[in-house]
Visitor: 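My questions will all concern the structure given below.
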2 protein chains.
Amino acid sequence: MTSSEARPSIRLSPMEVPKASDVLANELRERILSGEYPEGTPLPPERELVVQTRMSRTTVREALRILEVQGLIRIKAGRAGGAFVQHPGEESVADSLELLIRGRRLRLASVHETREAIEPSCARLAAQHRTADDLRALTAANETIAASASLEEFLQANVDWHVAVATAGHNEILTGIMMALSRAIYTTTHNEGFVDEDVRLITVRAHRSVTRAIRDKDPDAAARRMTRHVHAYAEAALAVDDRTAITLPDGE
Amino acid sequence: MTSSEARPSIRLSPMEVPKASDVLANELRERILSGEYPEGTPLPPERELVVQTRMSRTTVREALRILEVQGLIRIKAGRAGGAFVQHPGEESVADSLELLIRGRRLRLASVHETREAIEPSCARLAAQHRTADDLRALTAANETIAASASLEEFLQANVDWHVAVATAGHNEILTGIMMALSRAIYTTTHNEGFVDEDVRLITVRAHRSVTRAIRDKDPDAAARRMTRHVHAYAEAALAVDDRTAITLPDGE
DNA sequence: ACTGGTCCAAAGGTCAGACCCAATTTAGCA
DNA sequence: TGCTAAATTGGGTCTGACCTTTGGACCAGT
């Protein structure tokens with residue numbers, strides 16, 4: 001009889017029961033991240049995974065879907081299709097940042113603050129690590145800006161230049177962040193019609209001067225000039241933002 | 001006969017045929033991002049979505065899984081469970097950055113470069129926008145560091161302090177990035193036994209001095225001191241990294 | 001030798017229906 | 001009244017079938 005006398009009092013902490021699909025997803029994720037499969041390695045077909053794991057196809061597919069959204073595999077349909085290992089790139093970071101910015105309706109100021117934090121460092125790194133190719137990309141982007149006819153074209157080329165600077169720095173993290181910020185800036189600046197001839201000229205001049213510093217491998221100058229440029233741009237954008245807010249006082 | 005003479009050469013770009021689950025996921029995503037549903041709003045139950053969309057439950061569930069991975073909904077089981085709208089937070093950014101860092105086996109230097117770019121700005125913003133609460137969190141974290149006994153504890157408290165600085169800056173993007181970098185630093189610094197008494201003392205002193213600047217709302221000093229601190233830390237970590245590389249010359 | 005047509009096979013995509021498990025409500029009983 | 005047990009509502013998993021897409025092979029006509 002197990003009466004009131006001292007039971008050994010086994011204590012257990014609350015446990016988590018993971019979902020089957022998560023278990024499989026985690027297993028595969030770890031394997032992929034461990035680097036044991038080079039990019040492009042095909043995973044077994046779904047039906048094969050089913051017999052290997054003894055899970056249902058539904059579960060297997062859910063696991064694969066998770067990894068796909070996380071950018072760890074790419075899935076193709078049709079014969080010779082299947083799931084292929086893919087090492088995550090800047091895009092997935094950019095995507096999630098975009099969700100954060102859009103979903104939280106972040107103040108435009110946050111985006112600009114982040115830019116002001118990051119871009120000077122990108123410029124500095126670019127001046128240190130740029131290759132000849134990087135330099136070509138930069139000048140090409142600059143010329144596209146100068147030649148741009150429409151607003152669309154201008155904004156796109158502008159974004160391209162900034163991303164090119166980040167790329168020239170050869171730091172994948174900063175590049176990813178920069179790509180995300182660019183997209184956000186692009187879409188927010190899009191409607192505001194503040195890009196007149198003046199703005200364009202000033203932009204081109206600023207870009208040229210930063211590009212020169214990068215070409216001459218002068219990190220300090222690059223960072224300094226980029227700081228000025230981004231700061232000015234932020235001020236202008238925010239000013240327009242205010243103006244728009246006043247023009248449309250009943251907005252949202 | 002269609003001989004060698006000019007065929008009109010109609011050009012089409014490759015077309016995308018979206019999957020059903022993606023269609024639904026996109027629709028729901030746009031609605032959520034548009035902000036029309038406040039945080040916590042329950043989506044209809046899966047079976048209800050099935051009748052509304054006339055898709056199968058499998059498809060509906062796949063769409064929901066996508067949104068869940070993207071951090072846009074949270075799914076609970078059980079009665080009164082279901083999918084609830086969730087605006088994406090810093091975590092999802094941190095997650096994707098972590099995947100990037102781990103999956104691409106990025107040089108430790110990338111992480112440190114990024115930190116050197118971001119943390120001074122975080123400190124500057126913190127000095128500008130900190131609240132009394134933020135300050136309390138900072139000093140608390142600092143005391144935990146000073147009192148930390150084990151390596152684990154020290155690293156965790158260290159990370160906490162840095163995240164607290166970012167938080168005090170009240171910029172969600174920078175905070176998210178900082179969280180991700182912290183995790184990465186934590187896991188990489190973990191094995192290397194370079195945290196001796198000296199390092200700890202220096203760290204605490206540096207943190208104190210930054211915290212003071214934040215308390216006194218002196219942005220320039222905060223940024224300057226943080227720059228020094230992070231730079232020193234990076235150098236030390238990289239030095240240890242080199243040493244480890246020499247000690248274990250056959251490591252991958 | 002090119003072009004187009006037909007068919008096959010492999011693999012992912014979708015579907016319908018059943019059943020299992022978890023959390024909450026609620027009803028019933030002490 | 002208060003507690004336990006059942007009913008209910010919801011997600012999680014499984015099965016098995018069928019649809020669609022893609023690549024390749026083969027064939028027939030020019």
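Per chain, numbering begins at 1; letters A, B, ... match sequence-line order. Predicted, not measured: the structure shown is a model, and the values here were computed from it.
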Visitor: Taking all heavy atoms of B/Glu172 and all of B/Glu90, pick out the closest pair and write down the distance.
Guide: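 Reported closest heavy-atom pair: O-CG, 3.7 Å.
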
Visitor: Tabulate atom names and distances for all N/O pairs under 3.5 angstrom spanning the protein and nucleotides 20-25 of chain D.
Guide:
| from | atom 1 | to | atom 2 | distance (Å) |
| --- | --- | --- | --- | --- |
| D/dT22 | O2 | A/Arg79 | N | 3.2 |
| D/dG23 | N2 | A/Arg79 | NH1 | 2.9 |

Visitor: Between A/Arg61 and C/dG12, is there a side-chain N or O to OP1/OP2 distance below 4.0 Å?
Guide: no

Visitor: Output yes when at least one side-chain N/O atom of B/Thr59 is less than 4.0 Å from OP1 or OP2 of C/dC15, else no.
Guide: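 So the side-chain polar atoms of B/Thr59 do come within 4.0 Å of the phosphate oxygens OP1 or OP2 of C/dC15, strictly under.
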
Visitor: Can you work out whether A/Ala83 or A/Thr58 has the more 5'-proximal nearest nucleotide on DNA chain C?
Guide: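 Its nearest nucleotide being more 5', the pick is A/Ala83.
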
Visitor: Tell me the interatomic distance from B/Leu64, atom CG, to C/dT14, atom P, rounded to whole angstroms.
Guide: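 Taking CG of B/Leu64 and P of C/dT14, I get 14 Å after rounding.
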
Visitor: Could you check how far CD1 of A/Ile73 sits from C1' of C/dA11, rounded to whole Å?
Guide: 14 Å

Visitor: Taking atom CD of B/Glu16 as the centre, report whether more than 12 heavy atoms of other residues, nucleotides or ligands fall under 6.0 Å from it.
Guide: no

Visitor: Of all the heavy-atom pairs spanning A/His129 and A/Gly169, show the shortest one and how long it is.
Guide: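 Nearest pair, atom of A/His129 first, then A/Gly169: CD2-O, 3.6 Å.
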
Visitor: Nearest nucleotide by nearest heavy atom, which residue falls closer to the 5' end of DNA chain D, A/Arg57 or B/Ile75?
Guide: B/Ile75

Visitor: What heavy-atom pair brings A/Leu64 and A/Ile73 nearest, and what distance separates the two atoms?
Guide: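 Minimum heavy-atom separation between A/Leu64 and A/Ile73: O-CD1, 3.4 Å.
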
Visitor: Can you tell me which nucleotide in D/dT15, C/dG13, C/dC15 comes closest to the side chain of B/Lys19?
Guide: C/dG13

Visitor: Any salt bridge linking B/Arg61 with A/Glu62? Criterion: basic side-chain nitrogen under 4.0 Å from a carboxylate oxygen.
Guide: yes

Visitor: Could you check how far CD of B/Glu68 sits from C1' of D/dG11, rounded to whole Å?
Guide: 11 Å

Visitor: Indicate whether any N or O donor in one side chain lies under 3.5 Å from an N or O acceptor in the other, for A/Gln156 and A/Glu152.
Guide: no

Visitor: Between A/Ser34 and A/Arg31, do the side chains contain a donor N or O and an acceptor N or O under 3.5 Å apart?
Guide: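 A/Ser34 and A/Arg31 do not have a side-chain donor-acceptor pair below 3.5 Å.
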
Visitor: Can you name the nearest heavy-atom pair linking B/Ser96 to A/Ser96, along with the distance?
Guide: OG-OG, 2.9 Å

Visitor: Round to the nearest Å and state the distance from B/Arg54 atom CZ to C/dT14 atom P.
Guide: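 That distance rounds to 18 Å.
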
Visitor: Ignoring hydrogens and geometry, is there a side-chain-to-backbone donor-acceptor pair from B/Arg183 to B/Glu98 under 3.5 Å?
Guide: no

Visitor: Starting at atom CD1 of A/Ile66, determine the distance to atom C1' of D/dG12, rounded to an integer number of angstrom.
Guide: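 Rounded to the whole Å, the gap is 12 Å.
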
Visitor: Identify the two heavy atoms, one from A/Leu100 and one from B/Pro88, that lie closest to each other, and give their separation to 0.1 Å.
Guide: CD1-O, 3.4 Å

Visitor: Want to settle it: does B/Met55 or A/Gly81 sit nearer the 5' end of DNA chain C, counting the closest nucleotide to each?
Guide: A/Gly81

Visitor: Check DNA chain C against residues 44-53 of chain A and give the residues with a non-hydrogen atom under 4.0 Å, in numerical order.
Guide: A/Pro45, A/Glu46, A/Arg47

Visitor: Near DNA chain D, under 4.0 Å by heavy atom, which residues of residues 21-28 of chain A?
Guide: A/Ser21

Visitor: Is B/Ser56 close enough to C/dC15 that one of its side-chain N or O atoms is under 4.0 Å from OP1 or OP2 there?
Guide: yes

Visitor: Among A/Asp134, A/Thr175, A/Thr131, which residue satisfies the side-chain hydrogen bond (donor to acceptor under 3.5 Å, both in side chains) criterion with A/His170?
Guide: A/Asp134

Visitor: Taking atom P of D/dG12 as reference, at what distance in whole Å does atom CD of A/Glu62 sit?
Guide: 7 Å

Visitor: Looking only at heavy atoms, which two atoms of A/Glu46 and A/Val60 are closest? And how far apart?
Guide: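 Scanning both residues completely, I find the closest heavy atoms to be O-CG1, 4.2 Å.
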
